[in-house]
Amino acid sequence: MNVDIEESWKTVLHGEFDKPYFVQLVDNVKQAYQKGDVWPKGKNIFNAFNQCPFNEVKVVILGQDPYPTPGHAHGLCFSVQKDVKPFPKSLNNIFKEINTDLGIEIPENGNLERWAEQGVFMLNTVLTVNAHEANSHKSFGWETFTDQVISSISNNLEGVVFLLWGSQAQKKIELIDQSKHHILKTVHPSPLSAHRGFFGCKHFSKANELLISHDRQPIQW
């Protein structure tokens with residue numbers, strides 16, 4: 001696995017790639033790709049980092065692991081490649097809430113790189129998955145790495161808005177300095193839980209209000 005990651009992230013995470021756990025993680029991932037169908041494709045594993053440089057991070061959305069459906073995942077949590085139809089149900093619910101919250105029409109494709117280019121960092125806590133096997137790489141060591149990523153954002157930036165949807169994402173609250181950053185939390189947008197608080201949470205307008213309060217450009221969701 002080639003750690004092809006944008007330079008500003010390399011700088012802030014400079015010591016991480018040589019640690020024993022990361023060396024083992026790379027080996028685990030390489031073996032998985034050799035054995036079967038793994039998503040996202042290798043060139044897209046660090047897409048969230050490459051689409052959103054460290055110093056441009058304004059909003060963080062945390063996901064669990066990539067979509068296990070072949071052809072869907074491309075390295076940004078909740079995002080899918082442009083030709084994917086219909087949208088995954090969680091993503092469709094995200095678009096429904098944006099429509100209700102801000103009056104923005106549901107887009108033609110589910111590729112969220114347009115958000116990343118505005119400073120939305122869309123991080124899965126586990127960055128790879130076997131096709132058709134959700135959470136199959138949970139034991140690989142990814143969460144040690146992504147916990148360090150979250151801590152680095154918390155320690156080195158200010159005024160970042162963290163959108164934490166569901167219990168897995170909310171476990172990361174302890175990594176975030178709430179005296180420097182903002183946390184918006186609710187249930188996961190999954191069809192199993194969205195009706196228990198995701199619909200109506202208004203996280204997208206609230207995130208923009210918080211950004212504006214820090215004299216930062218709001219996100220065009």
Side-chain angles (χ1 to χ4, degrees), residues 1-55 57 60-81 88 90 112-113 116 120-157 160 162-177 181 188:
M1 181 179 72
N2 179 26
V3 184
D4 183 15
I5 193 168
E6 193 269 340
E7 286 302 321
S8 65
W9 287 102
K10 277 186 181 176
T11 299
V12 76
L13 298 168
H14 66 277
E16 213 61 24
F17 306 114
D18 297 322
K19 291 182 178 178
Y21 88 85
F22 197 87
V23 175
Q24 182 62 54
L25 166 61
V26 169
D27 187 55
N28 291 340
V29 173
K30 282 181 176 177
Q31 289 187 40
Y33 276 94
Q34 289 166 3
K35 290 177 181 175
D37 193 12
V38 175
W39 289 89
K41 292 307 182 186
K43 66 180 181 180
N44 290 327
I45 291 174
F46 295 100
N47 205 16
F49 299 82
N50 294 328
Q51 296 288 333
C52 184
F54 180 76
N55 291 321
V57 173
V60 174
I61 300 177
L62 289 183
Q64 182 171 291
D65 66 337
Y67 294 120
T69 304
H72 281 200
H74 66 121
L76 308 177
C77 73
F78 296 107
S79 180
V80 292
Q81 304 197 64
S90 292
L112 303 180
E113 289 180 357
V120 182
F121 182 55
M122 288 166 276
L123 179 69
N124 279 313
T125 55
V126 174
L127 299 189
T128 54
V129 69
N130 289 342
H132 310 295
E133 295 181 53
N135 226 17
S136 49
H137 292 187
K138 182 174 175 60
S139 64
F140 278 19
W142 278 123
E143 289 189 275
T144 303
F145 174 68
T146 54
D147 280 0
Q148 184 57 44
V149 171
I150 296 164
S151 295
S152 295
I153 294 170
S154 177
N155 294 338
N156 294 288
L157 299 176
V160 174
F162 288 83
L163 304 184
L164 304 182
W165 301 333
S167 59
Q168 290 298 316
Q170 289 165 25
K171 288 178 181 177
K172 307 302 181 181
I173 286 176
E174 63 187 30
L175 303 174
I176 302 164
D177 184 346
H181 303 287
H188 196 276

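None of the values given here were measured: they were computed from a predicted structure. The basis for the numbers below is simple: all heavy atoms, side chains too, and nothing from hydrogens, waters or symmetry mates.
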Any heavy-atom pair between the side chains of [Y] and [X] that's under 4.5 Å?
{"X": "L164", "Y": "I176", "value": "yes"}
{"X": "P88", "Y": "V80", "value": "yes"}
{"X": "E113", "Y": "L76", "value": "yes"}
{"X": "W142", "Y": "T128", "value": "yes"}
{"X": "Y33", "Y": "I45", "value": "yes"}
{"X": "V26", "Y": "F17", "value": "no"}
{"X": "V57", "Y": "C52", "value": "yes"}

Return the [atom1] to [atom2] distance between [X] and [Y], rounded to the nearest 0.5 Å.
{"X": "K138", "Y": "Q168", "atom1": "NZ", "atom2": "CD", "value": "5.5 Å"}
{"X": "F162", "Y": "Q170", "atom1": "CZ", "atom2": "CD", "value": "14.0 Å"}
{"X": "Q51", "Y": "E6", "atom1": "CD", "atom2": "CD", "value": "10.5 Å"}
{"X": "L62", "Y": "L163", "atom1": "CG", "atom2": "CG", "value": "9.0 Å"}
{"X": "Q148", "Y": "L13", "atom1": "CD", "atom2": "CG", "value": "7.0 Å"}

With [X], which residues qualify under side chain to side chain contact (heavy atoms under 4.5 Å, CB included), at least two apart?
{"X": "T146", "value": "L123, T125, L127, E143"}
{"X": "T144", "value": "Y21"}
{"X": "D27", "value": "Q24, Q31"}
{"X": "P70", "value": "D37, W39, A131, H132"}

Under the side-chain contact (heavy atoms from CB on, under 4.5 Å) criterion, do F78 and N124 qualify, and how do the steps go? CA-CA 9 Å; F78 296 107; N124 279 313; over 6 Å; no

Side chain to side chain donor-acceptor pair (under 3.5 Å) with [X]: which residues, sequence neighbours excluded?
{"X": "D177", "value": "S179"}
{"X": "K19", "value": "E16"}
{"X": "S151", "value": "none"}
{"X": "N130", "value": "H137"}

State whether the side chain of [X] and the backbone N or O of [Y] hold a donor-acceptor pair below 3.5 Å, judged by distance alone.
{"X": "D65", "Y": "V126", "answer": "no"}
{"X": "H72", "Y": "P66", "answer": "no"}
{"X": "N44", "Y": "A73", "answer": "no"}

Go through the steps for V120 and L112 under the test side-chain contact (heavy atoms from CB on, under 4.5 Å), then give the verdict. CA-CA 9 Å; V120 182; L112 303 180; over 6 Å; no

For K10, what residues pass the salt bridge (Lys or Arg N to Asp or Glu O under 4.0 Å) criterion, not counting sequence neighbours? E7

For T11 and F54: C-alpha separation, side-chain torsions, deciding distance, then whether side-chain contact (heavy atoms from CB on, under 4.5 Å) applies. CA-CA 9 Å; T11 299; F54 180 76; over 6 Å; no

Would you say K43 has more than 12 foreign heavy atoms packed within less than 6.0 Å of its NZ? no

For the student: nearest non-hydrogen atoms of F140 and L25, plus distance: O-CD1, 3.5 Å

Which heavy atom of P40 sits nearest to which heavy atom of H74, and what is that distance? CB-CA, 3.9 Å

Please step through side-chain contact (heavy atoms from CB on, under 4.5 Å) for the pair N135 and Q64, ending with a clear verdict. CA-CA 8 Å; N135 226 17; Q64 182 171 291; 3.5 Å; yes

Parallel, tilted or perpendicular: which one describes the rings of F145 and F46, with boundaries at 30° and 60°? perpendicular

Tell me, please, which residues at least two apart from F121 pass ring pair (Phe, Tyr, Trp, His ring centres under 6.0 Å). W9, F49

